[in-house]
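Each residue takes its place number in the sequence, starting with 1. Only heavy atoms go into these numbers, but all of them, side chains included; no hydrogens, no water, no symmetry mates.
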Amino acid sequence: MYNGEYGEGKAEAMEILVSLGKIYEAEKMIPITSAQVSGVSYKTIGDAGLDFVVDLGTKADVMLETMLNPAGVDIDNWEELGFSEEFTSKQIDIINGYESIGVMSTCTCTPYLIGNTPMLNEHVAWSESSAVCYVNSVIGARTNREGGPSALLAAIVGRTPYYGNHIPENRLADIIFNVEYDFSNEAEIGALGYFVGQIVNDKKPYFKLNSNPGRNNLKTLGAALASSGAVSLYHVENVTPEAQYVKNNDSFKELETITVTENDILNTMNSLSSTDKIPDLVCLGCPHASISEIQKVAQLLKGKKLVKDLWICTSNAIKSVAIQCGYAEIIESAGGKLVADTCMVVAPVEELNYEIIGVNSAKAANYVPNMGGLDVVYDTVENLIDMITK
């Protein structure tokens with residue numbers, strides 16, 4: 001491939017990846033089993049990104065299972081949600097460009113919930129920060145925090161440079177956090193991730209928690225760690241698959257331990273809200289909501305009516321399951337919407353006349369003010385729904 005025997009596109013991709021490997025002193029290239037590509041929303045990549053995707057489509061196809069990060073709009077319901085035709089047209093062109101080289105048109109930050117689920121120790125090339133954190137930490141597969149282009153190039157050649165998180169000894173913990181708090185909701189675990197991410201930056205934290213937080217909360221924890229810091233891998237004692245291996249390593253005994261208190265959690269929760277006013281729109285599903293999270297929203301909305309707008313962001317695949325289970329009908333009867341394959345972070349929500357967004361995601365609370373200039377209210381799903389129902 002590097003010498004051009006498989007075409008110009010693969011040669012260009014391999015040349016760039018080999019150069020990347022040299023920068024990080026990788027000893028070789030290794031096969032991967034899947035890829036997940038960020039840089040999909042027209043809001044974030046613009047015309048330059050669109051041109052890149054279209055140009056690449058003339059040169060090479062992907063070799064393996066490859067999914068996309070959330071797009072900038074719900075392609076099927078953009079008009080109902082208020083997005084412009086001009087933006088949507090550009091977004092469709094981007095997705096069509098990816099499809100032309102064999103990338104799946106599914107746009108989600110939780111590919112592991114809809115079939116792209118690597119096994120323990122498998123090598124992949126994923127780029128969405130929360131997905132990277134989840135697949136490394138909760139599943140125990142191996143990926144670096146790829147950029148969108150490098151993940152796409154890896155998908156084209158089926159390989160990635162062997163460095164960073166792909167090497168077992170690089171997956172050991174750097175610092176221990178002893179958490180003296182019993183978590184009762186997703187907003188608290190998100191605050192923990194946000195607090196710790198600011199301390200560790202790109203280091204690998206090891207958590208000692210009082211109980212197993214569960215799959216949904218682990219998703220929330222990783223997203224927060226990756227947004228306030230640059231965490232790509234964490235460990236939770238007696239929970240995540242590599243925690244015992246990490247604990248048994250001799251270096252573990254020498255690690256610094258930091259105690260996280262109730263005040264740390266509560267103060268962080270307060271800091272994530274930029275206003276105490278009632279939100280115009282509540283957005284849940286960052287990362288994209290699982291079917292159990294949608295079920296919970298449906299239970300909270302049963303028999304109620306919304307007085308403000310509510311979006312539950314998820315993948316098209318999970319939305320289909322929610323429809324089959326009857327959850328979508330309950331949510332829509334109350335006035336809410338299941339919004340597919342996009343989210344409040346990468347969609348141009350600031351163009352829709354909303355001023356205050358309610359979120360239960362620390363990642364969203366971090367990015368929405370910075371990327372959209374909107375105020376946020378950070379709280380639990382129960383409290384947010386109470387604020388906007390009658």
inquiry  = Assess the residue pair Ser127 and Asn69 against the criterion (side-chain contact (heavy atoms from CB on, under 4.5 Å)); give the C-alpha distance rounded to whole Å, side-chain angles, the decisive distance to 0.1 Å, and a yes or no.
reply    = CA-CA 8 Å; Ser127 56; Asn69 218 33; over 6 Å; no

Between the CG atom in Leu209 and the CG atom in Leu221, the distance rounded to the nearest 0.5 Å is 7.5 Å

* Donor-acceptor contact below 3.5 Å, side chain Gln91 vs main chain Gly72 -> yes

Exercise. For Glu382 and Lys296, run salt bridge (charged side-chain N to carboxylate O under 4.0 Å, His left out): C-alpha distance rounded to whole Å, both residues' side-chain angles, the deciding distance at 0.1 Å, then the answer.
Key: CA-CA 9 Å; Glu382 291 88 351; Lys296 181 177 181 178; 2.9 Å; yes

Q.
Around atom CD of Glu86, are there more than 12 heavy atoms from other residues, nucleotides or ligands closer than 6.0 Å?
A. no

Original post:
So, is the end of the Lys219 side chain (NZ or CZ) under 6.0 Å from the ring centre of Tyr134 and within 45° of the ring's axis?
Top reply: no

message: Take a 6.0 Å sphere around OH of Tyr6 and say whether it holds more than 12 heavy atoms from other residues, nucleotides or ligands.
response: no

| message | Under a 3.5 Å distance rule, please check whether Thr33 uses its side chain to pair with a backbone N or O of Val124 as donor and acceptor. | response | no

Answer yes when Asp309 and Lys337 have at least one side-chain N-carboxylate O distance shorter than 4.0 Å, and no when they do not.
no

Neighbour count above 12 (heavy atom, 6.0 Å) for Tyr245 OH | yes

Can you get from Ile330 to Leu310 by hopping between Ile, Leu, Val, Met, Phe, Trp and Tyr side chains that sit under 4.5 Å apart?
no

- Item | Enclosure of Glu329 CD (heavy-atom neighbours >12, cutoff 6.0 Å) | no

Value for OG (Ser315) from NE2 (His288), rounded to nearest 0.5 Å, stands at 7.0 Å

Between Thr143 and Thr160, does the side-chain contact (heavy atoms from CB on, under 4.5 Å) criterion hold? Intermediate values first, please. CA-CA 9 Å; Thr143 182; Thr160 195; over 6 Å; no

I'd like to know if the side chain of Lys305 and the backbone of Ser333 have a donor-acceptor N/O pair within less than 3.5 Å. yes

Can you tell me if Asn370 uses its side chain to pair, donor with acceptor, with the backbone of Asn366 under 3.5 Å? yes

TODO: Determine whether Tyr194 and Leu272 make a side-chain contact, defined as any pair of heavy atoms from C-beta on separated by less than 4.5 Å.
DONE: yes

message: I'd like to know if Met269 and Val359 are part of one continuous hydrophobic network [Ile/Leu/Val/Met/Phe/Trp/Tyr, side-chain heavy atoms within less than 4.5 Å].
response: yes

- Task: Indicate whether any N or O donor in one side chain lies under 3.5 Å from an N or O acceptor in the other, for Asn185 and Thr380.
- Result: no

Original post:
Got Glu355 and Lys277 here, is their nearest side-chain heavy-atom distance under 4.5 Å?
Top reply: no

- Query: Which is it for Asn217 and Thr220 under the side chain to side chain donor-acceptor pair (under 3.5 Å) test, yes or no, and what are the steps along the way?
  - Reply: CA-CA 5 Å; Asn217 281 337; Thr220 298; 4.6 Å; no

query: Does atom CD of Glu79 have more than 12 heavy-atom neighbours from other groups under 6.0 Å away?
result: no

Query raised in the report: Should Ile156 and Ile30 be regarded as members of a common hydrophobic cluster, given that ILVMFWY residues are connected when their side-chain heavy atoms come within less than 4.5 Å of each other, either directly or indirectly?
Result: no

- Item | Donor-acceptor contact present, side-chain Asp264 to main-chain Thr261, <3.5 Å | yes

In this structure, CE of Met29 is separated from OH of Tyr2 (nearest 0.5 Å) by 10.5 Å

Dump the intermediate steps for side chain to side chain donor-acceptor pair (under 3.5 Å) on Asp174 and Tyr206, then the final yes or no. CA-CA 7 Å; Asp174 297 306; Tyr206 181 101; over 6 Å; no

d(Glu242 CD, Leu233 CG) to nearest 0.5 Å is 6.5 Å

**Prompt:** So, Ser130 side chain and Ala223 main chain: donor-acceptor pair closer than 3.5 Å or not?
**Reply:** no

**OP:** For residues Tyr181 and Asn210, determine if any side-chain heavy atom of one lies less than 4.5 Å from a side-chain heavy atom of the other.
**Re:** no

Rounded to the nearest 0.5 Å, the CG atom of Asp74 sits from the CG atom of Asn316 at a distance of 6.5 Å

Note to self: Measuring only between side-chain heavy atoms, which start at C-beta, is Leu152 closer than 4.5 Å to Ile101?
What the structure shows: yes

Residue pair Phe177 / Leu192, side-chain heavy-atom distance below 4.5 Å: no

Taking Arg171 for the side chain and Asn165 for the main chain, is one N or O donor matched with an acceptor at less than 3.5 Å?
-> yes

Carefully, step by step, assess Arg159 and Leu17 under the rule side-chain contact (heavy atoms from CB on, under 4.5 Å). CA-CA 9 Å; Arg159 287 160 179 78; Leu17 289 173; 5.9 Å; no

State, with a plain yes or no, whether a side-chain heavy atom of Arg142 is found less than 4.5 Å away from one of Asn121.
-> yes

- request: Any chance you could lay out the side-chain contact (heavy atoms from CB on, under 4.5 Å) test for Leu225 and Val196, step after step, and finish with the verdict?
  value: CA-CA 7 Å; Leu225 285 164; Val196 170; 3.8 Å; yes

Problem - side chain to side chain donor-acceptor pair (under 3.5 Å) evaluation trace for Ser232 with Asn136 - result: CA-CA 7 Å; Ser232 60; Asn136 270 319; 4.7 Å; no

Query raised in the report: Do Leu255 and Phe252 have side chains that get closer than 4.5 Å, going by heavy atoms?
Result: yes

**OP:** For the residue pair Thr106 and Thr108, confirm or rule out a side-chain donor-acceptor distance under 3.5 Å.
**Re:** no

*Main-chain N/O of Glu85 paired with Ser89 side-chain donor or acceptor, under 3.5 Å*: no

Check your understanding: Taking it one step at a time, do Glu350 and Lys43 satisfy salt bridge (charged side-chain N to carboxylate O under 4.0 Å, His left out)?
Key -> CA-CA 11 Å; Glu350 64 275 7; Lys43 175 180 175 178; 3.2 Å; yes

Exercise. Without swapping roles, check the side chain of Ser100 against the backbone of Gly97 for a donor-acceptor pair under 3.5 Å.
Key: yes

Value for CD1 (Ile75) from CG (Asp341), rounded to nearest 0.5 Å, stands at 8.5 Å

Query - Expected output: side-chain Glu293 to main-chain Ser290 donor-acceptor under 3.5 Å - result: yes

Out of curiosity, does Tyr327 fall in the hydrophobic cluster containing Leu113 (side-chain heavy atoms, cut-off under 4.5 Å, transitive links)? yes

Side chains of Ile265 and Phe183, heavy atoms from C-beta outward: is any pair under 4.5 Å? yes

- Glu25/Tyr163 under side chain to side chain donor-acceptor pair (under 3.5 Å): CA gap, chis, key distance, verdict: CA-CA 7 Å; Glu25 300 180 345; Tyr163 72 94; over 6 Å; no

